[in-house]
Structures are given as C-alpha cells and as structure tokens.
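These notes concern the structure reproduced below.
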2 protein chains.
Amino acid sequence: MRMSRQEAAKNRERVVNTASKMFREFGYDGIGIAGLMKASGLTNGAFYKQFESKEALIAEATAQAFADNATAWRKAVENAGGDALKAAEQWYLSEPHLNHRGLGCTLATLASEAPRHDEPVRRAFDEGIRTILELIADTGPRGDTSCDKNSEIRELCRLVGALSLARAVSDSGLAERILEANRGVKEFDKRQRKP
Amino acid sequence: MRMSRQEAAKNRERVVNTASKMFREFGYDGIGIAGLMKASGLTNGAFYKQFESKEALIAEATAQAFADNATAWRKAVENAGGDALKAAEQWYLSEPHLNHRGLGCTLATLASEAPRHDEPVRRAFDEGIRTILELIADTGPRGDTSCDKNSEIRELCRLVGALSLARAVSDSGLAERILEANRGVKEFDKRQRKP
DNA sequence: CTTGTAAAATTATAGTCATAATCCAAAAGT
DNA sequence: ACTTTTGGATTATGACTATAATTTTACAAG
C-alpha cells in the first residue's frame with residue numbers, strides 16, 4: 001500500500017482537486033473528510049498524513065478553485081475575442097455555469113461561507129478576487145483608463161450576485177430573467193454626491 | 001413544563017425567529033436542532049412536536065428572514081427620503097450590515113446554499129427576491145417607467161455580490177474598497193446586441 | 001373535579017463528523 | 001543488504017448530528 005513519493009504527491013494533488021470541486025458543489029460543511037478521500041480513491045486514514053486539518057485543506061482547495069476560475073476566465077475572454085463583458089455574458093451567465101456549481105466560480109458558491117473560516121481561507125478570497133479584477137481590467141474593451149478598478153469591481157459584484165440568485169430560486173423562469181437582465185450590459189456610471 | 005396554547009405558539013415563533021438569525025449567521029449546516037432549541041430556551045425534545053423536520057424549519061425560518069429584510073428595506077428607504085439607491089448606500093452597504101450577518105440580508109448569507117435544499121426553501125427565495133424587487137422599483141427616483149424590472153434586478157445583484165465579497169475577504173481595506181465602489185452609483189445601462 | 005390532550009423534558013438511537021493511534025509494507029537512505 | 005522513513009489502510013475515538021420514543025405535567029374540555 002505504500003506509494004512512491006511522486007505518486008503520493010499526485011494523490012495529494014488529487015485530494016485538493018477533488019475538494020476544490022466538492023466544496024463548491026456541497027459547501028465546506030456539506031462534505032466530510034471520509035467522503036472527500038473516498039471520492040479521491042483513498043481512505044480517511046491517509047488524510048492526516050498529508051494535511052494538518054480540514055481547515056487547512058479548505059484553504060488549499062479554495063486557492064486551487066480560484067486558480068481554476070482564473071483559467072476559465074482567461075479561456076472565456078479568449079473565446080470572446082478579448083472582450084471581458086462578452087465573456088461574462090457567454091460563459092459566466094450561461095446555463096452550463098448555472099447548473100454546474102462544482103466547476104464554476106468560487107465566489108458565487110463559497111464567498112458567503114468564508115466569513116466563518118480562518119485567515120488562510122479568507123486570504124485565498126483576497127487573492128482570488130484581486131486576480132479576477134486584474135484579469136477583466138486588462139481585457140476590457142476600453143483598456144485601462146480608469147486606473148482605480150471601481151467599474152471592474154462593480155461588474156464582478158453584479159455577476160456574482162446574478163449567478164447566486166439565479167441558482168437559488170425555484171422558478172426557472174425567474175432564474176432566466178435574472179441572468180438575462182445581466183447580459184449584454186455596458187455600464188456607464190456616475191458618482192452622485194461626494195466628489 | 002406544559003405551556004398554554006398561547007405560550008406554545010410564542011415558543012414556536014421564537015424558535016423560527018432564532019433560527020432565521022442563526023442560519024444567517026452560521027449557515028444552514030452550521031447550527032443544529034439542539035443548539036437552536038437551547039438558544040430559544042428549550043431542549044431538543046420539544047422540536048419535533050412543532051416542526052416536521054429541520055428542512056421544514058429551514059423553509060419557515062428563511063421566509064421569516066426575508067420578511068425581516070423587507071421591513072429593514074422599507075425602513076431604510078424611508079430614512080433615505082424615499083430614494084432606494086440612497087437606502088442601498090446608507091444601509092445595505094454600511095459597516096453595521098457588513099458585520100452583523102445574523103440580522104442582515106438573507107440573499108447575501110444563504111442564497112448560495114439554497115440550491116442544495118428542497119423546493120419550499122427555494123420558493124422562499126423566489127418570493128423574497130420578488131418582494132425586494134418590487135420594493136426598490138416602487139421607491140426608485142424615477143418611478144416605474146421601465147416596466148420590466150431589469151435595472152432593479154441588476155441593482156440587487158450588484159448589492160448582494162458586493163456584500164458577499166466584502167464579507168469574504170481578509171483584508172479590510174479591500175472590503176472597504178468593494179463597498180465604496182458600489183456606493184453612490186446611478187446606473188445608466190445600454191443593451192448591446194440583441195434588440 | 002375529573003380526564004384526555006398536548007407541550008416540553010428526558011432519554012435513546014443510529015449515523016456522521018473530525019481527528020488520531022496503530023500497523024503494515026514498500027520506498028528511500030545508508 | 002539493512003535500517004529508517006513514511007504513505008496508506010484499518011480501526012478507534014468522542015463529540016455532534018437529526019430524529020424519535022417515552023415520560024412528565026399542566027392546561028383545556030367535559
């Protein structure tokens with residue numbers, strides 16, 4: 001039953017990848033160590049040789065999930081000819097993304113659980129958010145004129161909210177309305193009050 | 001230990017109210033029947049005389065949470081002189097709301113857990129969302145010209161996303177940037193593609 | 001005033017949870 | 001070739017889970 005160092009590292013990686021998907025699908029509390037290890041083809045006994053605790057795995061798996069998301073974003077932007085808004089419409093607000101939470105945006109699935117977890121987990125969210133913001137700022141249709149990323153921040157908030165709400169409702173017509181209302185929008189904003 | 005019918009009803013109501021707050025604070029999986037009953041001044045034995053199951057309580061408590069939210073929205077809009085945008089800025093995106101999840105918006109805390117629950121729970125989300133949309137449509141600065149509620153939908157998505165992300169991050173400076181970027185924004189939107 | 005009903009407490013059950021000790025065998029180090 | 005190290009399996013732990021049966025007791029209806 002002993003594996004080579006290389007195979008052990010592969011196993012570890014597989015656990016993190018499985019966790020990054022299952023946490024997104026079932027929530028941090030919705031899947032336990034035993035289920036996670038079984039889904040990775042191992043038994044729970046092997047867990048604590050590789051990870052300090054479940055909380056430590058949560059931190060790692062969350063970072064991995066954000067890395068996957070960054071790749072998905074880049075690919076979607078590429079498919080949209082470099083237009084991040086179009087990528088949002090074609091990928092982020094699509095029905096596949098609506099229905100496959102385990103492979104989708106970590107923010108829409110796990111952000112609201114993050115406040116209950118410790119710093120390493122929440123720092124993964126800091127970095128994940130910053131990465132996505134830079135990604136959509138770099139690929140925006142207008143280049144980088146704004147300097148502060150306020151409009152990118154708003155854009156991301158809107159998308160995360162839209163996907164979360166569309167997934168939450170029971171009425172699929174309402175879900176579609178929520179997605180559709182957020183498609184094809186180019187936001188021109190104005191600050192009111194406070195210069 | 002036997003209570004009058006009236007007191008029993010009060011107890012039941014108290015359990016629903018406690019649950020509506022604790023679920024928002026700890027998540028549906030983060031608090032159990034025993035903890036919920038203890039926090040309501042009862043023991044777990046009393047639970048199944050009043051509720052069919054935990055899932056049934058989740059549905060009721062979620063509806064109650066949305067009812068509380070509607071009241072909070074109305075009060076915030078009133079305080080903002082009837083301007084829903086201003087109410088969003090002064091209440092929804094405020095630091096008290098950021099730090100008190102148990103009394104805050106149900107969408108920002110529980111929407112991403114809803115897809116894992118059964119229809120009665122998700123129907124509570126349908127109704128909660130519809131109520132809020134009508135509330136901010138009725139009180140908008142421009143009246144009701146748009147007819148479809150697309151811009152209200154986008155507004156709500158943006159707010160929910162902003163609060164979720166601001167709560168998730170570890171860096172409080174980033175949290176403040178997320179909130180601030182979403183304050184004082186009057187959105188003028190344009191549909192691109194598709195008439 | 002008695003009696004049946006029902007609310008709440010006590011207690012039980014069977015499952016799952018995170019964590020960990022023990023053991024085995026094969027890889028790594030010498 | 002021999003010893004040490006270590007990844008994984010097995011098994012155990014004690015706490016916590018949702019659910020439920022039983023018991024107690026006070027109120028409500030007769």
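Every chain is numbered from 1, with letters handed out A, B, ... down the list of sequences.
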Requested in this report: Using only heavy-atom distances, determine whether the side chains of Asp68(B) and Gln64(B) contain a donor-acceptor pair under 3.5 Å.
Outcome: yes
Query - Side-chain donor-acceptor contact under 3.5 Å, Tyr28(B) with Thr62(B) - result: yes
Query raised in the report: Of Ile58(A), Val16(A), Ile33(A), which is the lone residue that meets side chain to side chain contact (heavy atoms under 4.5 Å, CB included) with Phe51(A)?
Result: Val16(A)
Query raised in the report: Does any residue of residues 51-64 of chain A have a heavy atom under 4.0 Å from DNA chain C, and if so, which ones, in number order?
Result: Ser53(A), Lys54(A)
Requested in this report: Measure the distance from NZ on Lys49(B) to P on dT19(D) and round it to the nearest whole Å.
Outcome: 15 Å
Report task. Tell me which residues in residues 22-45 of chain B put a heavy atom below 4.0 Å from DNA chain C, sorted by number, or none. Result -> Leu42(B), Thr43(B), Asn44(B), Gly45(B)
Query raised in the report: For residues Thr106(B) and Asn69(B), is any side-chain donor paired with an opposing acceptor at under 3.5 Å?
Result: yes
Query raised in the report: Gln50(A) side chain N/O closer than 4.0 Å to the phosphate oxygens (OP1, OP2) of dG8(D)?
Result: yes
Query raised in the report: Would you say Glu55(A) and Asp118(A) make side-chain contact, with heavy atoms under 4.5 Å?
Result: yes
Report task. Using whole Å, report how far CG of Asn11(A) lies from C1' of dA27(C). Result -> 14 Å
Report task. With the side chain of Tyr48(A) defined as its heavy atoms from C-beta on, choose the nearest nucleotide among dT19(C), dT19(D), dT22(C). Result -> dT19(C)
Report task. Answer yes or no: is there a side-chain heavy-atom contact under 4.5 Å between Glu152(B) and Glu134(B)? Result -> no
Report summary line: When rounded to whole Å, the CZ to P distance for the pair Phe47(A) and dA21(C) reads 15 Å
Query raised in the report: How long is the line joining CD of Glu7(A) and C1' of dT6(D), in whole Å?
Result: 14 Å
Requested in this report: Determine whether the side chains of Arg14(A) and Asn11(A) contain a donor N or O and an acceptor N or O closer than 3.5 Å.
Outcome: yes
Query raised in the report: Side chains of Thr109(A) and Ser112(B): do they bring a donor and an acceptor to under 3.5 Å?
Result: no
